[in-house]
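Only one structure is covered here, and it is reproduced in the block below.
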Amino acid sequence: MDAYTPNKSDRFTFGLWTVGNPGRDPFGPETRVPMRPTYIVQKLAECGAYGVNLHDNDLIPFGASAAQRDSIVREFKGALEDNGMVVPMATTNLFSHPVFKDGSFSSNDPKVRAFALRKTMDAIDLGVELGAKIYVFWGGREGTEADACRDPRSAIARTRDAMDYLCEYVKDQRYELRFALEAKPNEPRGDIYFPTTGHMLHFISTLAHPEMVGVNPEVAHENMSGLSFVHAVAQAMECAKLFHIDLNAQKIGRYDQDLRFGSEDVRQAFLLVRLLEGTLGGAPYTGPLHFDSHAYRTEDEAGVWDFARGSMRTYKILKAKAKRFDADPEVRALIAEQKDAALDPLLSGYTREKSAKLRGAVLDPEELGRKGLSYEKLDQLMMEHLLGVRG
Ligand SMILES: [Mn+2]
């Protein structure tokens with residue numbers, strides 16, 4: 001036990017499919033024995049996690065009868081209660097079964113779209129029964145290889161129809177549930193619709209109930225596009241749409257690696273934790289901190305729990321470092337907000353009068369262009385905090 005040992009107040013969660021990943025990949029079968037969901041709940045609680053998330057079929061096998069479902073749910077609820085664990089988020093598996101090989105909500109076939117809607121309503125019922133307040137949508141199969149198969153606009157419109165339908169379902173059932181949309185650029189499809197968090201944020205603004213829908217950005221997915229994950233999360237936070245987050249790590253330009261949080265690009269991981277925790281001064285993210293990742297295929301079960309504990313420890317270590325970095329007087333001096341009592345009021349809220357004053361203000365672009373900003377010094381200070389020789 002030390003200051004970085006996770007506990008329930010840290011709000012760390014894992015999917016059943018994350019620590020339950022048996023190590024299968026496109027080139028080889030499982031290297032680990034599958035674990036029972038109730039056992040995963042017990043082991044995650046021992047590791048200090050707060051909750052567990054699931055796809056419908058992580059818990060209830062595809063095609064199970066109503067009686068089988070109810071008995072599994074009863075047993076699972078018992079395990080949650082025994083271990084003081086919660087289910088903050090649930091989602092639907094709309095990608096494994098061959099019926100979804102060409103998408104679910106965006107499929108050209110109304111029968112497939114009908115099956116997807118029905119499966120999602122059932123899975124929403126399951127999530128709510130287990131206590132979920134967030135419902136994630138990741139459209140892994142909603143994409144193409146043969147792009148001539150449809151007008152991509154109809155894929156977008158059909159996805160909107162599905163979201164609007166399901167929002168109405170949640171309202172009709174009087175569920176306290178919000179949706180979080182998760183973007184990914186490709187894999188398993190050649191191209192997936194709504195490839196980034198930015199695409200999702202715009203799509204949400206076109207829905208019938210945009211207030212019910214936010215985003216669930218994932219580190220690996222945004223990195224696959226070669227984009228800044230920190231900027232994507234910041235944009236979501238700035239418009240109050242960060243409903244959930246998927247933490248992991250990813251080398252840029254690779255397949256979806258789902259590595260242990262912080263194990264690649266420590267700088268980005270640090271800046272992300274700093275943003276989420278609000279150590280710079282902005283409003284923090286207060287939702288669950290979900291790890292959507294899995295242990296290396298090289299690991300046995302002990303390695304899985306090393307992976308889980310490591311994910312949470314790294315987050316807490318980076319949180320402590322972010323606090324010290326933002327309290328460092330030299331850092332604070334370098335990034336102190338610059339105020340200009342005369343200019344600041346002229347720069348927002350256009351009026352004709354303000355614009356006339358702005359045109360009259362004395363500004364010297366040559367002088368401004370010559371001024372050094374000391375970002376080399378700032379970045380090195382960040383490196384020294386990260387490398388453990390300062391703070
Ligand atoms: Mn994810």
Side-chain angles (χ1 to χ4, degrees), residues 2-7 9-12 197-198 215 217 219 222-223 227-242 245 247-249 252 261-289 310-349 354 358 361-391:
D2 63 16
Y4 310 116
T5 305
N7 58 67
S9 68
D10 295 316
R11 312 185 319 277
F12 291 131
T197 294
V215 290
V219 176
E222 223 72 27
N223 265 354
L227 299 173
S228 164
F229 185 68
V230 175
H231 291 187
V233 171
Q235 188 171 354
M237 287 176 85
E238 205 272 337
C239 61
K241 285 296 183 197
L242 188 67
I245 191 158
L247 301 170
N248 57 19
I252 213 158
F261 178 65
S263 63
E264 288 293 335
D265 199 347
V266 179
R267 287 163 59 90
Q268 185 184 233
F270 169 79
L271 290 164
L272 174 66
V273 173
R274 181 192 192 216
L275 174 70
L276 293 173
E277 297 295 330
T279 59
L280 177 59
Y285 166 76
T286 56
L289 294 160
S311 303
M312 297 186 279
R313 278 184 72 78
T314 297
Y315 188 98
K316 291 193 78 166
I317 293 166
L318 292 174
K319 179 176 169 179
K321 284 195 179 291
K323 278 185 185 161
R324 288 200 289 268
F325 178 71
D326 280 317
D328 184 327
E330 219 174 318
V331 171
R332 290 169 68 104
L334 284 169
I335 61 175
E337 202 185 337
Q338 303 173 49
K339 299 262 187 207
D340 189 313
L343 279 178
D344 283 338
L346 304 182
L347 302 182
S348 59
K354 279 189 191 182
L358 185 61
V362 180
L363 300 170
D364 182 349
E366 302 308 322
E367 189 200 327
L368 291 170
R370 274 192 301 272
K371 198 171 132 193
L373 300 181
S374 301
Y375 289 169
E376 284 288 358
K377 188 182 274 182
L378 175 66
D379 200 75
Q380 182 62 21
L381 282 169
M382 189 180 95
M383 287 307 294
E384 297 200 3
H385 273 271
L386 274 175
L387 295 173
V389 297
R390 189 180 173 103

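All values below were derived from every heavy atom in this structure, side-chain atoms included, with hydrogens, water molecules and symmetry-related copies excluded.
In this structure, the side chains of Thr314 and Val266 stay at 4.5 Å or more apart for every pair of heavy atoms. Taking the side chain as every heavy atom from C-beta outward, Val273 and Lys321 never approach each other to under 4.5 Å. Looking at heavy atoms from C-beta onward, Asp344 lies in side-chain contact with Lys339 at the 4.5 angstrom threshold. Side-chain atoms of Asp340 and Leu347, non-hydrogen and from C-beta on, never get closer than 4.5 Å to each other. Two residues are said to be in side-chain contact when any heavy atoms from C-beta on lie closer than 4.5 Å; Leu378 and Val331 meet this criterion. Inter-residue side-chain proximity for Ile335 and Leu280 is flagged as met; some heavy-atom pair is nearer than 4.5 Å. Using a 4.5 Å cut-off on side-chain heavy atoms (C-beta onward), Leu318 and Phe261 make contact. Between Gln268 and Asn223, some side-chain heavy-atom pair lies under the 4.5 Å cut-off.
A pairwise comparison of heavy atoms in Leu343 and Ala361 identifies CD2-CB, 4.0 Å as the closest pair. When all heavy atoms of Ile245 and Tyr285 are compared, the pair lying nearest together is N-OH, 3.7 Å. When every heavy atom of Pro217 is checked against every heavy atom of Leu242, the shortest pair comes out as CD-CD1, 3.4 Å. Closest heavy-atom contact between Ala269 and Gly262: CB-CA, 4.0 Å. Closest of all the heavy-atom pairs between Leu346 and Leu358 is CD1-N, 4.0 Å.
Between the side chain of Ser374 and the backbone N or O of Lys377, no donor-acceptor pair lies under 3.5 Å. Glu222 places a side-chain N or O within 3.5 Å of a backbone atom of Thr197 that can act as its donor or acceptor partner. For Lys316 (side chain) and Thr5 (main-chain N/O), a donor-acceptor pair under 3.5 Å exists by modelled atom type. Although no hydrogens or angles enter the test, the distance criterion places no donor-acceptor pair under 3.5 Å between the side chain of Asp10 and the main chain of Phe12. A donor-acceptor pair under 3.5 Å is formed between the side chain of Lys354 and the backbone N or O of Gly349.
Every residue meeting the side-chain contact (heavy atoms from CB on, under 4.5 Å) condition with Thr279, not counting sequence neighbours, appears here in chain and number order: Arg274, Glu277, Ala322, Lys323, Asp326.
Rounding to the nearest 0.5 angstrom, the gap separating the CD atom in Glu366 from the CG atom in Leu368 is 9.5 Å. Met312 contributes atom CE, which lies 11.5 Å from atom CG of Leu289 (distance to the nearest 0.5 angstrom). Atoms CG and CG, from Leu381 and Leu386 in turn, are 11.5 Å apart once rounded to the nearest 0.5 Å. Separating the CZ atom in Arg390 from the CZ atom in Phe325 is a distance of 9.5 Å, to the nearest 0.5 Å.
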Output, in order, the C-alpha distance, side-chain angles, deciding distance and verdict of side chain to side chain contact (heavy atoms under 4.5 Å, CB included) for Met383 and Arg267. CA-CA 8 Å; Met383 287 307 294; Arg267 287 163 59 90; 3.2 Å; yes
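Electrostatic pairing of Asp2 and Arg313 counts as a salt bridge here, judged by a charged N lying under 4.0 Å from a carboxylate O.
Using modelled atom types, one finds a donor on one side chain and an acceptor on the other under 3.5 Å when comparing Gln380 with Glu384.
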